[in-house]
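See structure below.
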Protein chains: 2
Amino acid sequence: MAITIYDVAEEANVSMATVSRVVNGNPNVKPETRKKVLAVIERLGYRPNAVARGLASKKTTTIGVIVPDASKTFYAELSRGIADIATMYEYNIILSNSDKRQDREVELLEDHLGKQVDGIIFMSDSITPQLREEMRRANVPIVLAGTLDAEKEFPTVNMEYEEAAYEATKKLIENGHSNLAFVSGPFTRDINRLCKKVGFEKAHEEAGFTVNPEFILETDNTYDDAYNHWCEMLERDDAPTAILVSNDELAVGILNAIRDNKFSVPDDFEIICFEHSLLARAVRPQLTSVVIPLYDLGAVSMRLLTKLMNKEETEEDKVTLPYRFELRASTKEKNPLA
Amino acid sequence: MAITIYDVAEEANVSMATVSRVVNGNPNVKPETRKKVLAVIERLGYRPNAVARGLASKKTTTIGVIVPDASKTFYAELSRGIADIATMYEYNIILSNSDKRQDREVELLEDHLGKQVDGIIFMSDSITPQLREEMRRANVPIVLAGTLDAEKEFPTVNMEYEEAAYEATKKLIENGHSNLAFVSGPFTRDINRLCKKVGFEKAHEEAGFTVNPEFILETDNTYDDAYNHWCEMLERDDAPTAILVSNDELAVGILNAIRDNKFSVPDDFEIICFEHSLLARAVRPQLTSVVIPLYDLGAVSMRLLTKLMNKEETEEDKVTLPYRFELRASTKEKNPLA
DNA sequence: ATGAAAGCGCTAACAA
DNA sequence: TTGTTAGCGCTTTCAT
């Protein structure tokens with residue numbers, strides 16, 4: 001049996017209330033009493049039971065983080081932002097992977113809520129009606145990170161994907177291309193279908209170009225799928241010469257398909273992708289990118305959640321973070337992006 | 001106030017014990033009672049409070065995972081292995097980053113134990129005496145994953161790093177090299193200093209070669225540091241022609257340093273690295289690697305932990321997983337590794 | 001500044 | 001098969 005607050009109280013000849021006060025830094029304790037209690041705690045190796053504390057106080061200082069797949073650099077980086085701010089505010093994190101399955105997402109929300117987390121940060125491809133229902137039932141704040149909430153119902157931290165896609169496409173067009181492709185991850189991800197793709201299309205519209213639907217490629221988000229898709233593409237005479245890509249991994253797949261087939265980037269094809277992880281810098285040529293502020297997305301989400309959990313006044317619970325372009329060698333030198 | 005077991009009991013005209021039985025799948029409940037209770041649970045939206053349950057049962061079905069940095073692919077992948085098996089056994093995971101700081105590691109251990117986790121999976125560069133002390137005090141099982149325990153005191157899941165390094169080095173030597181380098185992450189990581197480096201040295205010894213200490217490079221484990229180190233190296237007339245590298249990120253740094261300086265891999269330099277993440281496949285030439293079974297390391301650790309938590313008999317709590325070589329283009333074609 | 005006592009929501013004997 | 005009851009280890013009034 002582990003040491004309890006009661007053992008400490010007895011050993012120090014005080015009541016458990018006093019020990020509780022000492023442990024919680026309550027100022028209403030005579031300094032010498034505090035000292036005495038602290039000494040006993042030290043000697044006995046007393047370690048407060050957070051579960052009991054959680055039951056009594058109705059706060060667990062634990063938050064839930066639900067993520068499609070924490071082993072993907074995208075979410076790993078984002079989660080690290082969450083974790084650092086959580087540490088700063090002394091929260092623990094229960095981290096779970098949903099693998100993008102809606103049933104799992106619902107289950108996990110339910111599960112985390114059952115564990116009495118004080119709040120949740122949720123990442124998903126799409127907030128379905130069922131998810132929405134489930135989230136409404138929650139009695140703790142939930143923040144969406146890197147996730148589109150079409151109804152703008154829940155607190156959300158995001159960046160302007162559509163604008164970035166528009167801007168990137170426009171630059172590609174200004175570089176002289178009229179035949180462009182958009183290679184995306186699954187369109188079940190709202191951000192792909194409703195933001196990036198739309199930005200891509202808007203730039204076309206503005207330039208008086210029409211988007212060729214055959215050049216909107218939906219992949220399964222893997223290197224290999226992108227690689228294969230583009231190898232096929234290279235057999236066409238009318239293959240697009242400029243490519244907007246949804247993320248680094250896909251972009252590298254395309255890049256390698258191009259290079260393995262003896263074409264050149266950026267001479268034959270120019271590429272701009274989203275993300276800019278190490279992968280984008282490690283390949284040659286390095287990839288010009290829309291840098292997604294992943295870490296900050298996480299950090300800001302967590303900061304927002306702390307405010308919500310403390311019921312602090314928040315001016316705005318829909319936050320949009322700035323992005324920037326990182327100019328590298330997958331686009332041509334005098335690129336106006338500079 | 002949320003619905004409690006008591007509310008359900010009242011509403012269903014049974015005792016809370018019966019509700020508890022239903023919730024916990026205890027077979028000693030008449031089917032129709034069960035049905036009735038289940039209906040009430042459904043209607044009221046009752047969700048068992050895991051904190052209260054934890055206090056009463058002294059089990060939280062939560063484990064702690066302490067990792068240097070979950071945003072690094074190495075640990076992200078390993079953690080995913082842990083997470084999947086944890087899900088399978090219905091455990092939640094509290095995940096924390098130590099950033100390799102010993103004080104944080106001790107703090108986190110203490111913190112997780114306070115949260116009453118049922119077990120811990122711990123990853124660290126080195127198990128110091130203080131850590132050892134702390135771990136001994138724990139009243140729940142702790143499994144080390146991808147972490148060297150020189151004293152062989154704690155349950156551990158690992159692979160044969162030394163043997164892999166030896167074998168890789170030997171192959172490089174068989175490929176005709178006599179001037180080799182070992183580029184490592186920090187030697188504060190026991191596995192680098194006590195396993196990989198030793199394997200590298202043994203192969204030299206066996207071949208009658210002596211290791212040039214100047215060619216044992218300790219980096220800070222970043223792409224950039226490896227890149228810079230190797231750029232300097234390239235200015236020497238006696239630069240090593242074969243390189244064993246501690247992980248993918250460093251290897252890609254070296255690869256790019258070589259290629260950016262117009263040398264060729266594998267013609268001028270051959271490279272074998274540890275890990276083989278996407279990065280190793282994405283670069284050109286792709287990297288010949290010792291594949292570290294990261295996911296399995298995590299999965300097996302978690303499986304071992306479940307056994308320990310259930311006090312099942314375990315034949316052996318020091319597990320060594322097999323590795324394999326992945327032959328790619330950073331070594332020459334007729335490489336005997338095949 | 002300190003103590004007494006009533007929960008927090010559940011599990012787990014023990015009874016019935 | 002079901003109910004009663006005593007905790008689990010703490011926080012939090014309310015007294016003193």
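Below, read A as the first sequence line, B as the second, and so on, with proteins coming before strands; counting in each chain starts at 1. Side chains are part of it too, since the values below use all heavy atoms of this structure and drop only hydrogens, waters and symmetry mates.
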### Message
Strictly under 4.0 angstrom, non-hydrogen atoms only: write out the protein contact profile of nucleotides 11-16 of chain C, one letter per nucleotide from the 5' end, B, S or -.
### Response
BBB---

### Query
Say you draw a straight line from CD of B:Glu105 to CD1 of B:Ile127; how long is it, rounded to the nearest 0.5 Å?
7.0 Å

### Message
Could you tell me how far apart A:Asn26 (CG) and C:dG3 (P) are, to the nearest whole angstrom?
### Response
13 Å

### Task
Send over the distance from A:Glu32 CD to C:dT2 C1', rounded to a whole Å.
13 Å

### Query
Contact class for B:Val14 (heavy atom, under 4.0 Å): base, sugar-phosphate, or nothing?
sugar-phosphate

### Query
What is the distance from atom CG of B:Asn192 to atom OG of B:Ser126, rounded to the nearest 0.5 Å?
11.0 Å

## Note on the structure
Separation of C:dG3 atom P from A:Glu10 atom CD, nearest Å, is 13 Å

### Query
Whole-Å distance between D:dC10 P and A:Tyr6 OH?
13 Å

#### Entry: Nearest-0.5 Å distance that lies between atom NZ in A:Lys115 and atom CZ in B:Arg47
14.0 Å

Ignoring hydrogens and angles, write down the donor-acceptor pairs under 3.5 Å from the side chains of residues 39-46 of chain B, residues two or more places apart or on other chains.
residue	atom	partner	partner atom	Å
B:Arg43	NH1	B:Glu11	OE2	3.4
B:Arg43	NH2	B:Glu11	OE2	3.3

### Summary
Rounded to whole Å, CG of B:Asp7 lies from C1' of C:dC10 at a distance of 13 Å

### Query
Taking only N and O in the side chain of A:Thr33, is any of them less than 4.0 Å away from OP1 or OP2 of C:dT2?
yes

#### Entry: Under-4.0 Å side-chain N/O to phosphate OP1/OP2 contact, B:Lys58 with D:dG7
no

### Task
Considering just the side-chain nitrogens and oxygens of B:Thr18, establish if one lies under 4.0 Å of OP1 or OP2 belonging to D:dG3.
yes

### Query
Between B:Ser15 and D:dT4, is there a side-chain N or O to OP1/OP2 distance below 4.0 Å?
no

### Task
Tell me what A:Asn28 touches on the nucleic acid: a base, only sugar-phosphate, or nothing, going by heavy atoms under 4.0 Å.
base

### Message
Just the rounded figure in Å: distance from P of D:dG9 to NZ of A:Lys59.
### Response
24 Å

### Message
In this structure, how many angstroms lie between the P atom of C:dG9 and the CD atom of B:Gln116, rounded?
### Response
19 Å

### Atom pair distance, as rounded to whole Å: CG in A:Leu55 and C1' in D:dC8
9 Å

### Query
Has A:Glu312 got more than 12 heavy atoms of other residues, nucleotides or ligands less than 6.0 Å from its CD?
yes

### Summary
Interatomic distance, CD1@B:Ile85 vs CD1@B:Ile93, rounded to 0.5 Å, equals 10.0 Å

Counting only pairs under 3.5 Å, give me each side-chain donor-acceptor contact of residues 142-152 of chain B, with atom names and distances, residues two or more places apart or in other chains.
residue	atom	partner	partner atom	Å
B:Thr147	OG1	B:Ser124	N	2.9
B:Thr147	OG1	B:Ser124	O	3.3
B:Thr147	OG1	B:Ala145	O	2.8
B:Asp149	OD1	B:Arg132	NH1	2.9
B:Asp149	OD1	B:Arg132	NH2	3.0
B:Asp149	OD1	B:Glu151	N	3.3
B:Asp149	OD1	B:Lys152	N	3.4
B:Asp149	OD2	B:Glu153	N	2.5
B:Asp149	OD2	B:Phe154	N	2.7

